[in-house]
Amino acid sequence: MYAKVIVDVPTGGTDRPFDYYLPEALAENASKGMRVLVPFGQRKLTGFIVDIVSETKLEKVKSVSELLDLTPVLNNELLRLGEWLATETICFQITAFQSMIPAAMRAKAMKKLSLLSKREKLPMNVQALFGQADEVDWAQVPADARLLRDIRNEAEQGHLTMKYALKDQAKHRKVKAVVIQRYETPPATEKQKQALLFMAEQYGEGELVAIQILMKQAAISRSVVNTLIKNDYLQEKEIVIDRNPYTDAEEDGNEEKATLTSDQTDVLAKVKKNITQSQATPMLLHGVTGSGKTEIYLQAIDQLMEAGKEAIVLVPEISLTPQMVERFKKRFGANVAVLHSALSVGERFDEWKKIQEKRVQVAVGARSAVFAPFTNLGLIVIDEEHESSYKQEEYPRYHAREVALWRSRYHDCPVVLGSATPSMESYARAAKGVYELLSLPERVNQKPLPDIELVDMRLEMREGNRSVFSTSLLEKLRDRLKKGEQSVLFLNRRGFSTFVMCRNCGYVGMCPHCEISLTYHQRDGQLKCHYCGHEERLYERCPSCESAHIRYFGTGTQRVEEELQQLLPEARIIRMDNDTTRKKGAHERLLKNFGAGEADILLGTQMIAKGLDFPNITLAGILAADTLLHLPDFRAQERTFQLLTQVSGRAGRDEKAGEVVIQTYNPEHYAIQLAQSHDYLSFFKKELGQRKQAGYPPYYYLTLITFAHPNYATAMKAGEHAGRVLRSNLGEDAIVLGPTPSPIARIKDRYRCQCMVKYKDEPALTELLRELFTYFQKEIQQDQRFITIDRHPNMFM
DNA sequence: AGCACGCCGACT
DNA sequence: GTCGGCGTGCTC
């Protein structure tokens with residue numbers, strides 16, 4: 001038998017299966033979708049078996065060295081999905097496969113140089129390399145020509161050899177556990193007796209108990225256990241356990257179902273119908289904030305689980321706060337796997353294993369959870385479907401929504417796209433009848449949506465208020481403090497970060513390698529580039545005019561916190577941003593503290609915009625509503641509307657009515673006006689007109705091709721070539737723009753230019769893009785991609 | 001991606 | 001003459 005293997009070399013020349021002989025011993029256990037170790041040239045590489053065949057056209061083939069899995073990591077469905085993904089997103093097969101499995105399984109073969117004979121026989125320089133060790137990591141061997149030649153000589157004489165080991169990615173977590181060894185003679189002390197008795201009663205003979213757990217349950221200290229081990233009452237062993245990242249979540253799985261409103265009941269019935277009838281129908285669930293979308297997901301999943309089916313629930317990365325996860329854990333207990341980026345590599349592996357081994361029926365997670373290896377899917381939910389984090393911004397540049405739709409067709413199961421502010425694309429599809437439209441126009445608590453006040457910051461400024469806070473917002477914050485109610489303050493930092501400017505000549509600190517202003521980091525007094533990491537010290541005098549009037553601009557959360565604390569000295573403030581949530585678990589802890597009423601005001605960035613559900617919040621404030629509005633992005637209006645609506649939704653979710661203050665310099669802008677009146681439909685119609693006029697989605701599909709090169713002319717020339725090819729091969733309707741310099745015209749000393757394709761129906765485009773990709777792929781410069789193709793880009797940077 | 005092969009300039 | 005620079009092309 002022969003295995004067709006996709007090897008782990010992401011280049012154009014190797015983006016196809018290679019044939020390997022499967023020795024009988026391996027053939028028995030080998031199957032499609034397993035990872036293998038194969039010889040490739042002079043090296044050994046990992047790869048995926050994509051097929052097993054009985055013949056090969058090749059005269060001589062090498063043999064598969066090793067199987068790396070007992071069961072396939074990619075089943076037939078996922079193998080096919082991977083092929084589709086590579087085709088659609090114009091990436092290499094291996095890249096697609098790797099992105100579908102947890103990082104812990106992306107094993108790389110590691111080369112080690114190993115000693116075969118006495119070290120004294122080796123030349124001095126090679127001996128020095130080994131020191132006292134018998135093996136050295138090949139990556140540690142210096143690239144010294146002389147040394148490399150000597151090593152090769154020694155290898156030819158059989159004194160040295162190359163060994164290949166798989167890099168251990170800390171797959172399983174092991175903990176110390178104990179088992180009863182003897183019980184007859186009672187131990188010396190009372191504590192020990194207690195502990196042993198507890199072991200015997202709770203666990204009996206031969207059963208392993210993790211020491212941590214025993215200590216907690218029997219309320220004994222580690223030293224008692226140690227003594228028992230020392231005196232042979234207990235035997236110490238190691239067991240493999242799942243890491244449990246959500247130790248705080250109550251996992252009883254007994255939370256009561258909520259009573260549904262009649263709107264909810266209707267929607268649920270439609271979802272259930274599509275599940276039971278195995279209809280691959282996409283449904284768009286448009287429900288206002290607080291309308292109880294999650295409860296519908298929960299009840300629909302509850303039913304399909306009883307029928308033995310499985311469900312995937314996707315949530316945006318940043319909102320993957322415990323609140324959503326906790327609700328699933330509370331309802332379904334240990335039947336849920338959680339996959340997101342805040343977990344360690346090992347934790348993610350454990351959660352993935354639970355799915356693969358069919359120990360759970362529900363996966364809740366961010367974008368990549370859409371690849372959860374379920375085999376009997378009954379439903380895929382994408383919550384907050386408009387969120388941009390569902391699009392992956394590196395290869396493979398896929399959108400989780402499109403992958404979900406593919407899988408739904410494969411499994412004949414529905415997809416539910418939920419949002420209070422659906423994306424233009426999705427709502428347009430629903431309006432056309434491509435998606436089934438479901439709506440929840442009212443909040444479950446029957447309360448109206450909160451009142452929104454627009455504050456014109458230009459007037460504030462004219463009236464002499466130079467603070468970040470308007471008089472009205474400050475007034476309302478004081479009022480909440482007095483009443484003991486809570487407030488959230490939202491500050492959007494995007495496009496508004498702290499940069500340094502000279503007030504005398506207008507000089508702005510720029511990165512010398514990228515066409516972008518440097519960001520000021522107060523913590524270490526450094527100016528940093530967010531794209532290449534370049535750092536420099538904050539200058540005391542302007543490098544251009546030598547004036548001392550140089551200062552940083554922009555409003556960081558830290559500065560806002562300081563100002564707020566000065567204005568309201570008695571307020572207890574929790575700040576949530578990248579700085580304060582970097583540590584593992586910090587995000588959860590801060591939210592928990594806020595929920596427990598340990599603070600009056602929650603001040604934060606993007607991450608507090610959604611999913612936050614605390615009954616005592618009665619005021620939401622948006623400090624600068626228009627920072628998003630002026631980004632060079634055709635989705636700027638949509639993003640602004642979505643954000644304002646989401647943040648507004650945080651207030652008044654329970655009994656007490658909520659209030660919202662939006663501070664803006666453009667109070668007359670339609671995105672802000674319509675957010676104020678909670679009028680999604682009018683916004684959709686207005687924005688749709690704009691998109692039609694400008695030729696953007698949902699009227700046109702987009703594909704962005706970016707070229708990056710140290711030489712500006714080379715990048716432009718490539719762009720011109722691509723433009724010519726596209727123009728001459730695409731239909732009349734297609735519009736090819738560019739090449740033009742990218743919005744960020746230089747990153748890491750490489751000039752960037754782009755071509756944009758706008759099209760409606762171009763079946764040949766995918767193939768054409770692949771050809772361009774292959775053509776330009778050869779010209780890889782400095783380990784960096786020369787050409788980047790983004791189907792359906794989110795950003796044009 | 002590596003790694004070998006191969007074809008040219010500068011040196012023990 | 002040899003060593004070593006890096007352009008080119010292949011890896012089942």
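Reminder, nothing fancy here: chain letters follow the sequence lines and each chain counts from 1. Nothing here was measured: the structure is a model prediction, and the numbers come from that model.
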Using the ring centroid of each side chain, check whether A:Tyr751 and A:His709 are separated by less than 6.0 Å. no
Hey, are [X] and [Y] close enough for a salt bridge, meaning a charged N less than 4.0 Å from a carboxylate O?
X: A:Glu425; Y: A:Arg635; result: yes
X: A:Glu351; Y: A:Lys354; result: yes
X: A:Asp412; Y: A:Arg407; result: no

Whole angstrom value for the distance that separates [atom2] of [N] from [atom1] of [X]:
X: A:Lys57; N: C:dC12; atom1: NZ; atom2: C1'; answer: 14 Å
X: A:Phe92; N: B:dA1; atom1: CZ; atom2: P; answer: 8 Å
X: A:Gln42; N: B:dC5; atom1: CD; atom2: C1'; answer: 11 Å
X: A:Leu45; N: B:dC3; atom1: CG; atom2: P; answer: 10 Å

To the nearest 0.5 Å, tell me how far A:Gln754 CD sits from A:Met716 CE. 10.5 Å
For A:Thr766 and A:Glu88, which I'm curious about, is there any donor-acceptor pair between the side chains at under 3.5 Å? no
Below 3.5 Å between N/O atoms, which protein atoms pair up with nucleotides 7-11 of chain C? Just atom names and distances, please.
{"from": "C:dT11", "atom 1": "O3'", "to": "A:Gly41", "atom 2": "N", "distance (Å)": "3.0"}

